[in-house]
Chemist: 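What follows is a structure written as structure tokens; I'll ask about it next.
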Amino acid sequence: MVCGTANSANLGVTVHVEDDRVLGTVLLDTRHAGAPGFAHGGALAAIMDDLLGQVLIPLDRPGVTATMTVDFHAPALLGRTMDLEAWCERVDGRKLHMRGEIRDGETVVASGSALFIHVDVSHWETSGHALPPHWAGWGATADSKP
Ligand SMILES: CCCCCCCCCC(=O)SCCNC(=O)CCNC(=O)[C@H](O)C(C)(C)COP(=O)(O)OP(=O)(O)OC[C@H]1O[C@@H](n2cnc3c(N)ncnc32)[C@H](O)[C@@H]1OP(=O)(O)O
């Protein structure tokens, strides 16, 4: 619902990995409004969760959000391309401490921190839905196993 291009309700986030960081952009519009002209905080929180979760790819560890804090530092205006950046601050066994920012130019609009927990890909098999084929082998290079 955030970056998935197969989902017509996605928030339009695009991301890519550079070294061990995730960088991206998002352009919110009136569909994502809270107060008129401003992004809804829940949309920013969803973007943050997804952004921090994308760090699981360069980490090569499947994982899920256990807890997340989003600090809203400045109003996020609709119709502006905002920059996204996220990274892993610390790995402590299965605990993955992520950090990230949503910026409008030089202004940090929101910052986030989250604890992700490294899980085996089989964590998602309980839904009964098929997993994306490219998830096969995800976590193979991780130096610890859940
Ligand atoms: C392609 C990749 C792109 C992905 C982008 C998408 C990003 C979106 C990410 C999400 O939104 S994921 C969906 C929302 N999250 C969930 O559905 C998670 C639901 N929770 C669970 O499934 C389990 O609670 C969880 C896997 C997190 C942990 O259960 P486990 O049984 O595997 O572990 P356990 O409870 O033993 O906890 C392991 C350690 O983590 C710690 N822990 C777990 N939950 C915690 C918590 N909430 N706060 C603090 N610590 C926590 C726990 O204390 C323990 O610490 P110690 O090893 O030191 O004892």
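From a predicted model like this one, the values you see are computed outputs, not experimental measurements. Counting starts at 1 for both ligands and their atoms, in listed order.
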Chemist: Decide whether Ser113 and Thr69 meet the rule of one side-chain donor and one side-chain acceptor closer than 3.5 Å.
Modeler: no
Chemist: Between the candidates Met1, Lys95, Gln54, which shows the shortest non-hydrogen contact distance to atom 57 (O) of ligand 1?
Modeler: Lys95
Chemist: Among His123, His118, Met48, which residue places a heavy atom closest to atom 21 (C) of ligand 1?
Modeler: His123
Chemist: Would you say the side chain of Cys3 lies within less than 4.5 Å of the side chain of Gln54, judging by non-hydrogen atoms?
Modeler: yes
Chemist: For His40, which residues count as a side-chain contact (heavy atoms from CB on, under 4.5 Å) partner, sequence neighbours excluded?
Modeler: Ala43
Chemist: Has Asp92 got more than 12 heavy atoms of other residues, nucleotides or ligands less than 6.0 Å from its CG?
Modeler: yes
Chemist: Could you tell me if any non-hydrogen atom of Leu56 lies under 4.0 Å from any atom of ligand 1?
Modeler: no
Chemist: Strictly inside 4.0 angstrom of atom 12 (S) of ligand 1, do you find any protein heavy atom?
Modeler: yes
Chemist: Just jot down the ligand 1 atoms closer than 4.0 angstrom to any heavy atom of Val119, in number order.
Modeler: 26 (C)
Chemist: Are there protein heavy-atom neighbours of atom 3 (C) of ligand 1 below 4.0 Å?
Modeler: yes
Chemist: For atom 51 (C) of ligand 1, tell me which residue out of Leu115, Asp50, Asp49, Val64 has the closest non-hydrogen atom.
Modeler: Leu115
Chemist: Answer yes or no: is there a side-chain heavy-atom contact under 4.5 Å between Phe116 and Leu59?
Modeler: no
Chemist: Using protein heavy atoms only, decide if any is under 4.0 Å from atom 19 (C) of ligand 1.
Modeler: no
Chemist: Near Ala66, which atoms of ligand 1 are under 4.0 Å from a heavy atom of that residue?
Modeler: 44 (N), 45 (C), 46 (C), 47 (N)
Chemist: Tell me, which protein residue and heavy-atom name are nearest atom 14 (C) of ligand 1, and how many Å apart are they?
Modeler: Thr65 O, 4.0 Å
Chemist: Under 4.0 Å and counting heavy atoms only, is there anything from the protein next to atom 37 (O) of ligand 1?
Modeler: no
Chemist: Can Thr25 and Asp83 be said to form a side chain to side chain donor-acceptor pair (under 3.5 Å), step by step?
Modeler: CA-CA 5 Å; Thr25 59; Asp83 295 312; over 6 Å; no
Chemist: Quick test: of every protein heavy atom, which one is nearest to atom 31 (O) of ligand 1, and how far off is it to 0.1 Å?
Modeler: Arg94 NH1, 5.0 Å
Chemist: Check whether any protein heavy atom sits under 4.0 Å from atom 59 (O) of ligand 1.
Modeler: no
Chemist: Tell me which protein heavy atom sits closest to atom 28 (C) of ligand 1, plus the residue, atom name and distance to 0.1 Å.
Modeler: Ile117 CG2, 4.4 Å
Chemist: Under 4.0 Å from atom 24 (O) of ligand 1, is there any protein heavy atom?
Modeler: no
Chemist: For atom 47 (N) of ligand 1, is the nearest protein heavy atom under 4.0 Å away?
Modeler: yes
Chemist: Could you list the donor-acceptor pairs under 3.5 angstrom formed between side-chain atoms of residues 134-146 and any protein atom two or more places apart in sequence or on another chain?
Modeler:
residue, atom, partner, partner atom, Å
Thr141, OG1, Asp60, OD2, 2.4
Asp143, OD1, Arg61, NH2, 2.6
Lys145, NZ, Gly139, O, 2.8

Chemist: Check this for me: does any side-chain nitrogen of one of Arg21 and Asp19 sit under 4.0 Å from a carboxylate oxygen of the other?
Modeler: no
Chemist: Testing the 3.5 Å rule here: is there a donor-acceptor pair between the side chains of Glu125 and His123?
Modeler: no
Chemist: Report, in ascending order of atom number, the atoms of ligand 1 lying under 4.0 Å from any heavy atom of Trp138.
Modeler: 1 (C), 2 (C)
Chemist: For Leu51, run the side-chain contact (heavy atoms from CB on, under 4.5 Å) check against Val22, Val13, Val26 and tell me which one passes.
Modeler: Val22
Chemist: Are any non-hydrogen side-chain atoms of Leu28 and Ile47 less than 4.5 angstrom apart?
Modeler: yes
